[in-house]
Number of protein chains: 2
Amino acid sequence: MEPTPPTSPVASELHAASAPGAAIFGRSRALRPTGKVLPEHARTHNRALVLQTLYTAGAQSRADVARGTGLTRVTISDLVGDLIAEGLVIELGQREDARPGKPATLIDIDREAFHIIGVDLSEHEVFRGAVVGLDGQIIGRDEVARDGATAEAAELLVEQLVERLLARTTTPVLGIGIGSPGVVDEHGVVRSAPNLGWSDVALQDRIGARFALPVHVANDANVAVLAEHGSSHHDDLLLVKVGHGVGAGLIIGGRPAVGGGFAAGEIGHVVVGTDGGPRCACGKDGCLEAWLAVPRLTAQLAELDGAGRTAASARDDILREAGRRLGIVLAPVVGALNLSEVVLSGPTQLLDGPLHEATVDTLRTRTMAEFNRDLRLRMTEHGQDIVLRGAAVMVLSGQLGVS
Amino acid sequence: MEPTPPTSPVASELHAASAPGAAIFGRSRALRPTGKVLPEHARTHNRALVLQTLYTAGAQSRADVARGTGLTRVTISDLVGDLIAEGLVIELGQREDARPGKPATLIDIDREAFHIIGVDLSEHEVFRGAVVGLDGQIIGRDEVARDGATAEAAELLVEQLVERLLARTTTPVLGIGIGSPGVVDEHGVVRSAPNLGWSDVALQDRIGARFALPVHVANDANVAVLAEHGSSHHDDLLLVKVGHGVGAGLIIGGRPAVGGGFAAGEIGHVVVGTDGGPRCACGKDGCLEAWLAVPRLTAQLAELDGAGRTAASARDDILREAGRRLGIVLAPVVGALNLSEVVLSGPTQLLDGPLHEATVDTLRTRTMAEFNRDLRLRMTEHGQDIVLRGAAVMVLSGQLGVS
DNA sequence: GTTTGTTCGTAAGGTTTACTAACAAACGTG
DNA sequence: CACGTTTGTTAGTAAACCTTACGAACAAAC
C-alpha cells in the first residue's frame with residue numbers, strides 16, 4: 001500500500017486525489033484538439049479519395065471513380081479537372097475494349113510526374129538513399145559512408161546525401177522521407193538517437209529549410225512498417241526490424257501507433273522470459289536485443305566456427321533459441337492487439353529459417369489459437385529497401401493523402 | 001525453410017507469391033472504405049465539436065464556444081440553435097460576473113435531458129445495470145440473478161433487465177450500452193462468449209428491435225477502458241480487468257483498439273514466463289489467467305487459511321507473484337505501444353497492495369526506463385461501476401460524438 | 001440503314017455550409 | 001454622458017456537392 005518512490009520510472013498514482021468538482025467523465029481532460037471541419041477540408045479529403053482510388057485500382061474512367069468513391073460523376077469531373085491542372089493526373093485516351101455506350105476516357109495518376117527522395121539512416125556504417133517513383137520503383141540509389149560520424153557531422157552527411165539524390169531527379173520532387181534510428185517526434189525532431197549522437201535534432205526543419213521541399217521524418221522501424229502496410233491488406237500489423245538493434249513498427253486499426261512519448265515499437269530492451277539471459281549493453285539481463293540483434297547472433301555463430309566444424313544443428317539451435325525469445329516477447333503483444341500479421345525485416349540468412357520457425361512455434365504455443373487463428377508471420381518482401389520504400393510511402397501519404 | 005502446416009493457427013506465408021502485375025505499394029490491397037465527405041458530414045462533425053466543448057468545459061457563452069472551436073460566432077449560433085431545438089442544449093440565463101460589453105447568455109448541454117442505460121454482463125452470477133446521467137452519475141441500479149442461465153435464457157434476462165431499467169427512467173433515453181464478455185464484433189454481434197453459451201448472438205439488433213432505441217454492444221474490458229479514458233488525459237492506455245477471467249481494453253492514440261478478429265485485449269490465455277506455471281482450463285500451463293484470475297487467487301489464499309494461521313507474508317507472497325506475472329506479460333505491451341497509463345480493475349483487496357507493487361516493480365525492471373519514464377500504473381477510480389459507466393461513455397460517444 | 005438503349009462527360013441550377021461585414025443591444029469606464 | 005467593448009444576429013457571399021438534363025458516341029436488334 002506504500003506508494004513507490006517518485007524516482008521510480010514506473011510510479012504509482014494510486015492515491016492521487018482527483019481535482020475537486022471535476023465531472024465524472026471527461027471534464028477534467030484537456031480539450032481535445034479535434035478541430036473544426038470546413039468545406040475546403042471536405043474537398044481536400046475527397047481529392048485524396050480520388051487519388052487513392054486511382055493509385056490503388058489503376059487507370060479507369062471518371063465514371064469508374066465516381067462509382068468507386070460514391071461521389072457523383074459531376075463532382076469527380078470537377079475534382080479530376082483540378083488534379084489534371086496540377087499535373088498529378090493525366091488522360092490516357094479512350095478505353096479500347098468494346099462495350100455499349102460512349103467510350104470512356106481513361107485517367108490515371110501520372111506515375112512518372114514526380115519523384116520522391118527516400119533516406120535510410122538506420123544502418124551503422126552507411127547512410128543510404130534512393131530516388132523513388134510514385135509506384136515505389138527505385139529509380140536511382142546513392143549512399144554516403146558514415147565513418148563513425150556523429151552529431152553535426154552526421155547531419156551534414158544527410159544533407160550531402162539528399163543533395164546528391166536531388167541532382168539525379170529528372171522530374172519535380174514530391175518530398176523527402178527520412179527514416180532515422182531513435183525516438184522521433186511528430187514534428188520530425190529526433191529527440192534521441194544515441195548511435196548518431198543526436199539529441200533534439202530538428203532534422204525535418206533543417207532539411208526542409210535547406211532544400212525548400214516537404215520533409216517527413218520518423219523512426220526507421222515505424223517507417224518500415226508503412227512500406228509493409230502499403231503492400232498488405234491487413235490493418236493491424238507489426239514489423240520487427242532486426243539489425244544492429246531490434247525495433248518494431250506498428251499499424252493499429254490502419255493507423256501508425258506512435259506512443260505517448262513517441263517511443264512506440266521500442267521493444268529491444270524488454271526482458272524476455274524468467275530465466276535470465278545474456279547481459280545487455282543497457283545493463284539488464286536477457287533483453288530481446290541481447291538475444292536477437294545481428295552483432296550478437298553473428299558473434300555466437302562465429303564462436304561456433306572457431307570451435308571447429310560443429311554439426312549444423314548447433315547453428316540451428318542458436319537461431320531457434322533467438323526465434324523462441326522473439327516469440328515470447330511478441331506473444332503478449334499479438335494477444336493484446338489481436339494482430340493479423342507480423343513481418344520480419346533483417347538479414348535473411350539469419351531470420352529466414354530455424355529462427356522464423358521457432359518464432360511461429362512459440363507464438364502458437366503461447367497464445368490462444370481461437371483468437372489468433374488468422375495470424376501470419378512472414379519475412380518482408382521489400383528486403384534491404386524497406387526503409388527507403390517506407391519513406392516514400394510516408395511522403396505519398398503526407399503530401400497526397402495516399403497510403 | 002519448410003512452411004508450417006496449414007492446420008497451424010500461426011501459419012507462415014513466407015513464400016506466397018504476390019499477384020502478378022500488382023504495383024509495389026498498395027495496388028493489391030482492397031480499396032479502403034475511407035468514404036466520401038459531404039458538407040453535411042462536416043456539419044455533423046462541427047456539431048459534435050460544439051457538444052464536446054460544452055461537455056468538457058461546462059457552461060459558457062456562444063462566443064466562448066466560438067473561440068474554443070475556431071468556428072465563427074455566426075456558425076456557432078446556428079449550430080447551437082439546432083441543438084437547442086433538439087433539446088440537447090439549454091440556455092441558462094445571463095452570466096453574472098461584471099465585465100464590459102453585452103452580457104453573455106450562458107448555454108450548456110442539458111445534463112438532465114437524457115438518461116442512458118448501462119448494462120454489465122461480465123459478472124458470473126448476476127447481470128447488473130444502471131440508469132446513468134449524461135455526466136456519468138448513477139441515477140438508479142437494478143440487477144437480475146443469472147442462476148447459470150445460458151443461450152436464449154441469458155438473452156431473455158438481458159431484455160428483462162433493460163426493460164426494468166427503462167421503467168425507471170424519467171427522461172428520454174439516449175441509448176443503451178452493453179458490455180458483454182467474449183468477442184464482440186463491430187455490429188454488436190457477440191461472436192463467442194463461452195460462459196454465456198453465446199455464439200453469433202446479434203445482441204445489438206435484438207435489443208434495438210425490442211426497445212426501438214440506439215444500442216451499442218462491446219466487450220466488457222473494451223467498454224471499461226472507455227470509462228477510464230473519459231476521466232484520464234492520456235491517449236494511450238490499457239485497462240486490465242481481473243475477475244472470473246482476465247481481459248484488457250486498449251486505447252491507442254485516443255482510439256479504441258479492436259483487433260483484426262475483434263479479439264483485442266484477450267490476454268488471459270497468453271503464457272507468462274519460461275518456467276511453466278499452473279495448468280489452465282484452456283490446457284496450457286502458466287497462462288496469465290491461471291496466475292491472476294480471482295477464483296485462482298482466492299483458492300490459493302483459502303488453502304493458506306486451511307493450513308492454519310500462517311504469516312501474513314505467505315499471503316503477500318502469493319499476491320506478489322501474481323503481480324509479477326502480470327508485469328511480465330505487460331512489459332512487452334507497454335514497450336511496444338509506449339503506453340503512458342495502465343489501469344487495474346477488479347477486487348481491491350486482491351489487486352491493491354502487494355500485487356500492484358509487484359507489477360510496478362516488474363514493469364520497472366523489465367522495460368527501458370528512458371522510454372517509459374512517464375508510465376503510471378494505478379487502480380481504477382470507478383470501482384465496480386466501471387463497465388456501467390463505460391457503457392454510458394460508449395453511448396455518449398456513439399450518439400453525440402462526445403467522448 | 002435505322003432504331004433503341006446504354007454509357008460517358010458536361011452544363012445549369014439548387015441546397016447546404018460556413019464565412020465576412022455590419023449592426024443593435026447592453027454593459028463598464030472615464 | 002460619450003466611448004469602447006462584447007455579444008449575438010442579420011444579410012450577403014463563396015465553396016462544395018447535389019439533382020436534373022442533355023449531347024455525343026457506341027452496341028445490339030430489327
Side-chain angles (χ1 to χ4, degrees), chain A residues 34-51 53-54 57 59-86 89-108 401, chain B residues 34-51 53-54 57 59-86 89-108 401:
Chain A
T34 323
K36 58 183 173 179
V37 170
L38 278 56
E40 70 195 78
H41 297 143
R43 177 81 167 184
T44 305
H45 178 100
N46 289 334
R47 201 185 96 107
L49 188 60
V50 170
L51 284 172
T53 303
L54 288 172
Q60 56 196 300
S61 71
R62 290 171 173 85
D64 291 331
V65 176
R67 280 185 290 265
T69 58
L71 293 161
T72 61
R73 290 201 305 274
V74 180
T75 304
I76 294 300
S77 281
D78 193 32
L79 285 165
V80 167
D82 285 3
L83 292 169
I84 289 178
E86 291 171 44
V89 168
I90 46 172
E91 290 195 339
L92 299 174
Q94 291 196 347
R95 182 181 268 145
E96 292 297 324
D97 56 344
R99 31 172 154 167
K102 176 179 170 180
T105 309
L106 292 178
I107 54 171
D108 194 3
Chain B
T34 324
K36 58 182 174 182
V37 171
L38 299 159
E40 72 195 78
H41 297 143
R43 177 82 166 183
T44 305
H45 178 100
N46 288 334
R47 202 184 96 108
L49 187 61
V50 170
L51 284 172
T53 302
L54 288 173
Q60 55 196 298
S61 72
R62 291 170 172 86
D64 290 332
V65 176
R67 280 185 290 266
T69 57
L71 294 161
T72 61
R73 290 201 307 273
V74 180
T75 303
I76 294 299
S77 280
D78 193 30
L79 286 165
V80 167
D82 285 3
L83 292 170
I84 288 178
E86 292 171 44
V89 168
I90 47 171
E91 290 196 337
L92 299 174
Q94 291 195 348
R95 182 180 267 146
E96 291 298 323
D97 56 345
R99 34 171 149 167
K102 175 178 169 179
T105 310
L106 291 178
I107 54 171
D108 195 3

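Both backbone and side-chain heavy atoms feed into the values below; hydrogens, waters and symmetry mates do not. This is a predicted model, so every value here is computed, not measured. The sequence lines fix the lettering, A, B, ..., with proteins before strands; numbering per chain opens at 1.
For B:T105 and D:dG8, the shortest distance from a side-chain N or O to OP1 or OP2 is below 4.0 Å. Between A:S77 and C:dT10 there is a side-chain polar atom (N or O) within less than 4.0 angstrom of OP1 or OP2.
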> What string of B, S and - do you get for nucleotides 17-27 of chain D, 5' to 3', when a contact is any protein heavy atom under 4.0 Å?
Replying inline: SSBB--BBBBS
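With sequence neighbours left out, B:Q94 forms a side-chain hydrogen bond (donor to acceptor under 3.5 Å, both in side chains) with no residue at all. Under the salt bridge (charged side-chain N to carboxylate O under 4.0 Å, His left out) criterion, B:R43 pairs with B:D78, B:D82, not counting sequence neighbours. Residues that satisfy the side chain to side chain contact (heavy atoms under 4.5 Å, CB included) test with A:L83, not counting sequence neighbours, are A:R47, A:V50, A:L51, A:L88, A:V89. Partners of A:S77 under the side chain to side chain contact (heavy atoms under 4.5 Å, CB included) rule, at least two apart in sequence or in another chain, are A:R62.
Atom-to-atom distance recorded for A:I76:CD1 and A:I107:CD1 is 8.0 Å, nearest 0.5 angstrom. In this structure, A:D108 CG and A:E91 CD are separated by 12.0 Å, a value rounded to the nearest 0.5 Å. Note that CG of A:L79 and OG1 of A:T44 are 10.0 Å apart. Values are rounded to the nearest 0.5 Å.
Following rounding to the nearest Å, B:H41 (NE2) and D:dA16 (C1') show an atom-to-atom distance of 14 Å. The CG atom of B:D64 sits 6 Å away from the P atom of D:dT7 (whole-angstrom rounding). Rounded to whole angstrom, the span from the CG atom of B:D82 across to the P atom of C:dT16 amounts to 12 Å. The separation between A:L106 atom CG and C:dG9 atom C1' is 14 Å, rounded to whole Å. Here D:dT6 presents its P atom at 17 Å from CD of B:Q60, a figure rounded to the nearest Å. A:I76 places its CD1 atom 16 Å from the C1' atom of C:dT7, with the value rounded to the nearest Å.
With a 4.5 Å cut-off on side-chain heavy atoms, A:N46 and A:T75 do not count as touching. You'll find the side chain of B:V80 stays beyond 4.5 Å of the side chain of B:V65, heavy atoms only.
With D:dT9, C:dT10, C:dC8 as the candidates, the nucleotide lying closest to the side chain of A:R67 is C:dC8.
End-to-end axis angle of the helix from C:dG1-D:dC30 to C:dG30-D:dC1, using five pairs per end and rounding to 10°, comes to 10°.
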